[in-house]
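Reading through the structure tokens given below for one structure.
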Amino acid sequence: MGGGNGQKSRMARERNMEKAKGAKGSQLETNKKAMNIQAPKGVTLCLNKVILDISTGCRGIQAMEASNKKAVNRDAITEEVAAAFAESNVIPERYYRPDEVNAGIVVGYDDDEAYELPVVDMGRLLDPELAGAEIAKLGSACRDWGFFQLVSHGIDEQVVNEMKDSTARFFSLPLESKKTVAVRENGIEGFGHHYSRVSGKLDWAESVILFSVEMTSLTMRIVGFMAADLGVEQEALVRAFRDSRQNMLLHHYPPCRLPDKVIGITPHTDGLSLTVLLQVDDTPGLQIKKDGRWFPVRPRQGTFIINVANILEVLTNGAYRSVEHRVLIHARKSRTTVVMFHDAHIDGMVQPIQEVLKHNGAEARYRSIEKLEYMKGHFSCKVCMQTFMCTTSEVKCREHAEAKHPKTDVYQCFPQLKK
Ligand SMILES: O=C(O)CCC(=O)C(=O)O
Ligand SMILES: [Fe+2]
């Protein structure tokens, strides 16, 4: 970064910090009340995934045991895997997941001319002359892919770089240091703590604060353009996101010499409303499911990867799709990502937006459900823990059970369907 830019960034940063410390009624003050930032966790707890942190000197490992879905004690795994990986290519049995890695066809970058994850340009969205076409692009990305890459996003480069650097630094700490912020409640394995924007204990809390403020405003901007695409007033969608929670996960996927035998994150959809992902390095790994095939995302410098999550699918009455994705492990390079999940609700409910229904003259395709019920996790499959759109009719649950767990009774997956 040049000196001029550096100066500009610093000023922007100071402005942001002022904002961050700012008076009542400021964005931060509002967010502070509304957001429950869980930052930073080493790696997410979700699903029955296994993440092995075995790169340089075993920095910490999180795992859910495939057999019984119980969280595995991180220290125990650390010892075991450190021993197992020090000099051999043997993968402890519980991490051995070749079937999941090899399930489904993966589209190669060069297989399909038409394949490139849609790119949306914030600069164009903000330009009155170009906005119409770019909004249409944004809309079709959310309908067809559920994912897009955002370029020219306008987020302060220094804020992004500091977030990246702090994250990378954190994961390179010795395990002993990371243990001082280990999370051990509720079977969640990882690092971090419930975190207040003004009193975070981490010495890099400032980076997190600045980044999270930027991510909130970026999300609000994007959502405003989504409203335009959906043919409703901005406020109809924006209000669902206002004062909503924001969760952050930092992922570190270490390399593994046998990448087709272990998985980074098993296929899932995201449970909140809109996810914004920042790639810290250029290691590929994220794959998106489209028309039954896995499409790898080619990491691009200076972009965010944005995806529609479950609640946004409901809010838009299914116009936008919350799409399955997964992460594979690289043989030689580690991969680190910063993921911001943004929540939304309509007056405490998860339901299609009235204005969207009216605009399309459509019936609601999703049942209304209280946000609290939704968050209790009633709507994840109890067999594979995939978060799932069960707010729809039972049909989707049954389809899921039949496709994914044909040998299992649907009520085992979704006990709440039993009346
Ligand atoms: O790290 C990634 O690329 C994806 C992370 C993800 O899908 C998630 O945290 O839900
Ligand atoms: Fe995800």
Side-chain angles (χ1 to χ4, degrees), residues 27 114-156 160 213-242 244 246 269-270 272-278 288 290-291 295 297-298 300-323 325 339-346 351-362 364-366:
Q27 161 124 55
Y115 162 47
E116 184 70 60
L117 186 63
V119 176
V120 173
D121 186 322
M122 181 57 87
R124 295 171 72 93
L125 285 172
L126 291 167
D127 180 335
E129 286 194 3
L130 305 171
E134 206 62 18
I135 287 171
K137 224 165 145 190
L138 166 72
S140 68
C142 295
R143 289 164 214 273
D144 300 341
W145 286 83
F147 268 82
F148 61 90
Q149 301 184 75
L150 187 71
V151 298
S152 308
H153 46 70
I155 304 299
D156 188 332
V160 173
V213 169
E214 292 285 357
M215 290 304 98
T216 305
S217 24
L218 180 68
T219 296
M220 291 310 208
R221 234 171 291 143
I222 293 170
V223 165
F225 290 115
M226 287 176 167
D229 168 65
L230 293 161
V232 299
E233 293 288 325
Q234 269 198 13
E235 184 58 15
L237 192 55
V238 166
R239 80 182 179 99
F241 284 77
R242 196 171 288 131
S244 277
Q246 185 189 44
T269 57
D270 293 344
L272 295 186
S273 205
L274 191 82
T275 308
V276 181
L277 181 142
L278 170 68
I288 299 169
K290 186 173 189 296
D291 305 326
F295 287 77
V297 175
R298 205 193 309 254
R300 283 171 58 138
Q301 271 289 327
T303 67
F304 287 106
I305 296 166
I306 304 205
N307 68 285
V308 174
N310 294 353
I311 293 178
L312 186 55
E313 179 172 317
V314 177
L315 294 176
T316 62
N317 201 31
Y320 289 179
R321 293 193 308 127
S322 174
V323 165
H325 50 285
V339 192
M340 277 290 194
F341 302 93
H342 297 89
D343 202 0
H345 59 90
I346 306 279
Q351 61 190 25
I353 292 174
Q354 278 306 321
E355 289 86 338
V356 171
L357 296 180
K358 214 183 284 167
H359 178 78
N360 297 318
R365 295 175 54 203
Y366 299 80

Inset, instruction - Under the side chain to side chain contact (heavy atoms under 4.5 Å, CB included) rule, what do M340 and L278 come out as? Steps first, then yes or no, please. - result: CA-CA 8 Å; M340 277 290 194; L278 170 68; over 6 Å; no
From [X] [atom1] over to [Y] [atom2], what is the distance, rounded to the nearest 0.5 angstrom?
X    : Y    : atom1 : atom2 : answer
Q246 : T216 : CD    : OG1   : 4.0 Å
S273 : I311 : OG    : CD1   : 5.5 Å
L237 : I353 : CG    : CD1   : 4.5 Å
L272 : N310 : CG    : CG    : 8.5 Å
E116 : W145 : CD    : CH2   : 8.5 Å
L150 : D121 : CG    : CG    : 8.0 Å

Looking at [X] and [Y], what are the two nearest heavy atoms and their distance?
X    : Y    : value
M122 : L218 : CE-CD1, 3.9 Å
A227 : E233 : CB-O, 3.8 Å
T219 : F241 : CG2-CD2, 4.0 Å
H342 : M215 : NE2-O, 3.6 Å
S244 : D343 : CB-O, 3.2 Å
P118 : A141 : CB-CB, 3.7 Å

Inset, instruction - Give the C-alpha distance, both sets of side-chain angles, the deciding distance and a yes or no for side chain to side chain contact (heavy atoms under 4.5 Å, CB included) between V356 and L315. - result: CA-CA 8 Å; V356 171; L315 294 176; over 6 Å; no
Legend entry - Evaluation steps, side chain to side chain contact (heavy atoms under 4.5 Å, CB included), between F295 and L117: CA-CA 8 Å; F295 287 77; L117 186 63; over 6 Å; no
Legend entry - E313 backbone acceptor or donor facing R321 side chain under 3.5 Å: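 No; judged by distance alone, with no hydrogens or angles, the pair does not exist.
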Inset, instruction - Determine yes or no for a side-chain-to-main-chain donor-acceptor pair under 3.5 angstrom, with D127 supplying the side chain and E129 the backbone. - result: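 Flag set: sc D127 to bb E129 pair under 3.5 Å.
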Legend entry - Contacts of type side-chain hydrogen bond (donor to acceptor under 3.5 Å, both in side chains), residue D229, not counting sequence neighbours: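 Checked D229 against side-chain hydrogen bond (donor to acceptor under 3.5 Å, both in side chains); matches are R143, Y320.
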Inset, instruction - Output yes when R242 and E235 qualify as a salt bridge under the 4.0 Å nitrogen-oxygen rule, no when they do not. - result: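 Answer for the salt bridge query: yes.
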Would you check if [X] and [Y] make a side-chain contact, meaning some heavy-atom pair closer than 4.5 Å?
X    : Y    : result
L126 : E134 : no
L125 : I135 : yes
M226 : I222 : yes
I346 : R239 : yes
P352 : V314 : yes
T303 : H153 : no
V238 : M220 : yes
V323 : N307 : no

